[in-house]
**Q** 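Encoded as structure tokens, here's the structure I'll be asking about.
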Amino acid sequence: MRLLTIRRAPLLALLLMIAAAALAPEAARPAHAAGERPVMAFYYPWYEPSDWNYDKMSDVAAPKYSGGDDATLRRHIQQADDAGIDALVCTWYGPSEERLNKRCRRLLKLVEESGRDLKVAIIPDQSAAFDAGMRTVDGLAAALDVLRRDFTGSPAYFRFAGKPAVYWFNPPSLGGVDAWQQLRNRADPNRDQFWFGGTDNFGYLDVYDALYYFDISWEARAGAAMASYAGRLDRYNRDHPGANKPFIGTVMPGYDDLKVRNGHRRDRANGDYYRGTWQTVIDRNAAGVILTSWNEFFEGSHVEPSEQYGDLYLRLTKGLSDRYHSGQPAPPPPPQPQPGNCRFFPETNHNVCGRIREYWEQNGGLPVFGYPLTEQAAEQVEGQQVQAQLFERNRLELHP
């Protein structure tokens with residue numbers, strides 16, 4: 001093993017590095033069609049400047065923004081595309097709700113103009129829509145007519161299996177399988193669209209083309225929810241002759257809705273939980289990946305840059321999505337430090353352990369490096385997984 005130390009650069013040098021990076025050619029993403037093994041991230045355009053509040057959120061965006069600003073939408077398009085995300089699934093309350101309708105339309109238009117590979121899809125959230133008509137077959141069918149007319153024909157609209165993709169959440173808010181069959185027979189009689197249903201009731205697969213789990217953070221360990229999903233999907237396909245519903249895997253960085261609804265929290269574990277959920281969908285060769293979420297800050301499942309995590313989860317998403325798109329198995333993580341070889345610093349409530357501790361002590365210790373600001377953890381750096389730890393004045397990486 002070798003240890004690489006990266007010191008903080010002087011301001012002028014740092015600015016020159018940023019300028020050089022901006023001018024450098026963009027790193028090529030793995031070649032793949034957007035509808036082939038796609039990464040689909042739930043996207044919420046509802047934010048206003050007044051929403052960014054630690055009384056309601058465990059973390060806030062950096063920078064804070066209004067979800068309707070063109071500069072915000074363009075930044076999200078660039079960040080998501082650079083991170084290997086294939087589609088942003090925009091929450092839509094129907095054509096009569098002006099704010100989200102306008103913002104999803106604008107997102108689609110700006111993606112068209114960007115020339116990027118990223119696409120946009122729509123999730124008509126009838127369960128939360130202000131228009132009660134969205135929770136009736138007639139009202140939802142009318143909304144789907146607008147979706148077909150104004151959205152799905154765009155070259156920037158996301159397609160799965162060659163069909164425009166439409167996503168659904170909380171299907172019981174409309175009704176049982178019979179109500180959804182009525183809707184589909186009326187709004188999509190020729191099955192020209194691909195319907196993703198967000199539910200763990202596999203009976204809805206009789207009307208949807210695929211199911212996904214929106215929230216897997218209740219699982220006892222990373223991978224448990226998808227193991228259950230895979231078993232139930234296998235049984236469904238086996239019990240329905242001719243059925244071949246695809247496996248859609250879910251990945252999440254964590255979850256925390258304690259402040260907004262006193263719900264529950266899934267610790268991010270310095271990115272390890274996120275890595276574990278990705279490893280599961282890679283191992284199971286998922287036909288597509290649902291990422292919950294790009295920017296659900298009220299539920300703390302965001303990967304968008306934030307005050308608490310910086311751009312860590314964008315960097316993780318890039319490495320993990322590239323690995324998923326390539327179909328290559330993940331390399332084993334670098335070894336963790338041996339227990340008992342640690343020094344605890346009550347000033348920051350963190351440890352320095354193993355080889356990093358040895359290097360820290362042998363090369364100047366506290367005056368040179370400062371106190372540890374994080375625990376040692378695995379991170380993806382230039383396509384390689386390494387152990388890394390951040391200090392007040394340095395960052396240390398342990399390379400195989």
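Note that this is a predicted model, so its numbers are computed, not measured. Values below: every heavy atom of this structure, side chains too, minus hydrogens, waters and symmetry copies.
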**Q** Is the closest basic N to carboxylate O distance between K163 and D209 below 4.0 Å?
**A** no
**Q** Pair E48, R103 - check salt bridge (charged side-chain N to carboxylate O under 4.0 Å, His left out), show working.
**A** CA-CA 12 Å; E48 304 296 349; R103 293 179 182 187; 2.6 Å; yes
**Q** On a heavy-atom basis, which atom in C90 and which in P45 lie closest, and how many Å separate them?
**A** SG-CG, 3.7 Å
**Q** Just by distance, do the side chain of R135 and the backbone of L174 share a donor-acceptor pair under 3.5 Å?
**A** no
**Q** When you compare the side chain of R232 with that of D200, does any pair of heavy atoms fall below 4.5 Å?
**A** yes
**Q** Find the distance between CD1 (I248) and CG (L211) and round it off to the nearest 0.5 Å.
**A** 9.5 Å
**Q** Please find the pair of heavy atoms, one from K318 and one from S321, that lie closest to each other, and give the distance.
**A** O-OG, 3.2 Å
**Q** Are the charged groups of D82 and R116 less than 4.0 angstrom apart, N to O?
**A** yes
**Q** Treating Ile, Leu, Val, Met, Phe, Trp and Tyr as nodes and any side-chain heavy-atom pair under 4.5 angstrom as an edge, say whether F130 and M134 lie in one connected cluster.
**A** yes
**Q** Return yes if some donor-acceptor pair links the side-chain N/O of E296 with the main-chain N/O of S301 below 3.5 Å, else return no.
**A** no
**Q** Before you tell me yes or no, could you show the steps for D234 and R238 under salt bridge (charged side-chain N to carboxylate O under 4.0 Å, His left out), namely the whole-Å CA-CA distance, both residues' side-chain angles and the distance that decides it to 0.1 Å?
**A** CA-CA 6 Å; D234 287 345; R238 184 177 63 246; over 6 Å; no
**Q** Can you check side chain to side chain contact (heavy atoms under 4.5 Å, CB included) on W294 and V303, steps first, answer last?
**A** CA-CA 5 Å; W294 172 261; V303 298; 3.9 Å; yes
**Q** Say whether H325 and D86, considering side chains only, have a donor N or O and an acceptor N or O under 3.5 Å apart.
**A** yes
**Q** Show the numbers, then the answer: is there a side chain to side chain contact (heavy atoms under 4.5 Å, CB included) between R355 and Q387?
**A** CA-CA 10 Å; R355 180 70 183 96; Q387 291 287 325; over 6 Å; no
**Q** Tell me whether K109 at atom NZ has more than 12 heavy atoms from other residues, nucleotides or ligands lying less than 6.0 Å away.
**A** no
**Q** Would D70 and R106 pass as an ion pair if we require N to O under 4.0 Å?
**A** yes
**Q** Can you tell me how far the CD atom of Q193 sits from the CG atom of D188, to the nearest 0.5 Å?
**A** 4.0 Å
**Q** Could you tell me which non-hydrogen atom of R37 sits nearest to which non-hydrogen atom of A286, and how far apart they are?
**A** NH1-O, 3.4 Å
**Q** With a 4.5 Å limit on heavy-atom distance, are the side chains of L107 and I77 in contact?
**A** yes
**Q** Side chain to side chain donor-acceptor pair (under 3.5 Å), that's the test. Do S217 and H264 meet it? Break it down for me.
**A** CA-CA 9 Å; S217 63; H264 74 280; 2.8 Å; yes
**Q** Under a 4.0 Å N-O cut-off, is there an ion pair linking R315 with D311?
**A** yes
**Q** Roughly how far apart are K102 NZ and R105 CZ, rounded to 0.5 Å?
**A** 11.5 Å
**Q** Does W195 have R184 sitting over its ring (NZ/CZ under 6.0 Å from centre, angle to axis within 45°)?
**A** yes
**Q** Which heavy-atom pair separates N341 from E358 by the least distance, and what is that distance?
**A** ND2-OE2, 4.3 Å
**Q** Hey, is CD on E98 packed in by over 12 heavy atoms from elsewhere, all under 6.0 Å?
**A** no
**Q** Thinking salt bridges, do K56 and E299 make one under a 4.0 Å N-O criterion?
**A** no
**Q** Going by distance alone, is a donor N or O of one side chain under 3.5 Å from an acceptor N or O of the other, for Q182 and D178?
**A** no
**Q** Applying side chain to side chain contact (heavy atoms under 4.5 Å, CB included), run through V166 and F151 and close with a yes or a no.
**A** CA-CA 11 Å; V166 182; F151 286 87; over 6 Å; no
**Q** Taking the six-membered ring of Y309 as reference, does the cationic atom of R268 (NZ for Lys, CZ for Arg) lie under 6.0 Å from its centre and within 45° of its axis?
**A** yes
**Q** Show your working on ring-ring contact (aromatic ring centres under 6.0 Å, His included) between F202 and H240 and close with a plain yes or no.
**A** CA-CA 12 Å; F202 277 68; H240 293 76; over 10 Å; no
**Q** Ignoring hydrogens and geometry beyond distance, is a side-chain donor-acceptor pair present between D125 and T91 at under 3.5 Å?
**A** no
**Q** Can you name the closest pair of heavy atoms from V177 and G203 and give their distance?
**A** CG2-O, 3.6 Å
**Q** Just do the ring-ring contact (aromatic ring centres under 6.0 Å, His included) check on Y212 and F196 with the steps written out, would you?
**A** CA-CA 7 Å; Y212 67 88; F196 291 90; 7.0 Å; no
**Q** Can you tell me how the ring of F158 sits relative to the ring of F160, calling it parallel under 30°, perpendicular over 60° and tilted otherwise?
**A** tilted
**Q** Minimum heavy-atom separation for A287 and Y324, please, with both atom names.
**A** C-OH, 3.5 Å
**Q** Less than 4.5 Å apart, side chain to side chain, heavy atoms only: is that true for W168 and P124?
**A** yes
**Q** Has R265 got its NZ or CZ under 6.0 Å from the middle of the six-membered ring of Y255, at an angle within 45 degrees of the ring axis?
**A** no
**Q** So do the side chains of L233 and L205 get within less than 4.5 Å of each other, counting heavy atoms only?
**A** yes
**Q** Go through the steps for T317 and Y274 under the test side chain to side chain donor-acceptor pair (under 3.5 Å), then give the verdict.
**A** CA-CA 9 Å; T317 301; Y274 193 41; 2.7 Å; yes
**Q** In terms of relative ring orientation, are Y229 and Y213 parallel, tilted or perpendicular, with 30° and 60° separating the classes?
**A** perpendicular
**Q** Would E304 and Y43 count as a side chain to side chain donor-acceptor pair (under 3.5 Å) if you check the C-alpha gap in whole Å, the side-chain angles of each, and the deciding distance to 0.1 Å?
**A** CA-CA 10 Å; E304 180 186 1; Y43 182 82; over 6 Å; no
**Q** Aromatic rings W360 and F345: how do their planes relate, parallel, tilted or perpendicular, breaks at 30° and 60°?
**A** perpendicular
**Q** Hey, are E397 and R395 close enough for a salt bridge, meaning a charged N less than 4.0 Å from a carboxylate O?
**A** yes
**Q** Is there a donor-acceptor contact under 3.5 Å from the side chain of D69 to the main chain of A71?
**A** no
**Q** Hey, are E112 and K119 close enough for a salt bridge, meaning a charged N less than 4.0 Å from a carboxylate O?
**A** no
**Q** Are the side chains of M226 and T250 in contact, using a 4.5 Å heavy-atom criterion?
**A** yes
**Q** First locate atom CD of E219, then atom CE of M252, and finally report the distance between them rounded to the nearest 0.5 Å.
**A** 9.0 Å
**Q** State whether the side chain of T292 and the backbone N or O of F214 hold a donor-acceptor pair below 3.5 Å, judged by distance alone.
**A** yes
**Q** Answer yes or no: is there a side-chain heavy-atom contact under 4.5 Å between E307 and W52?
**A** no
**Q** Where does the angle between the aromatic ring planes of W46 and F298 fall among parallel (under 30°), tilted (30 to 60°) and perpendicular (over 60°)?
**A** tilted
**Q** Hey, are the side chains of P95 and W92 touching, using non-hydrogen atoms and a 4.5 Å cut-off?
**A** yes
**Q** Do D81 and D117 come within less than 4.5 Å of each other through their side chains, counting heavy atoms only?
**A** yes
**Q** Start with the C-alpha distance between V60 and S306, add both sets of side-chain angles, then the distance that settles side chain to side chain contact (heavy atoms under 4.5 Å, CB included), and finish with yes or no.
**A** CA-CA 6 Å; V60 298; S306 68; over 6 Å; no
**Q** Is it possible for you to say whether V352 and L366 belong to one hydrophobic cluster, with membership spreading through side-chain heavy-atom contacts below 4.5 Å?
**A** yes
**Q** Look at the side-chain heavy atoms of Ile, Leu, Val, Met, Phe, Trp and Tyr, link any pair under 4.5 Å apart, and say whether L373 and F344 land in one connected group.
**A** no
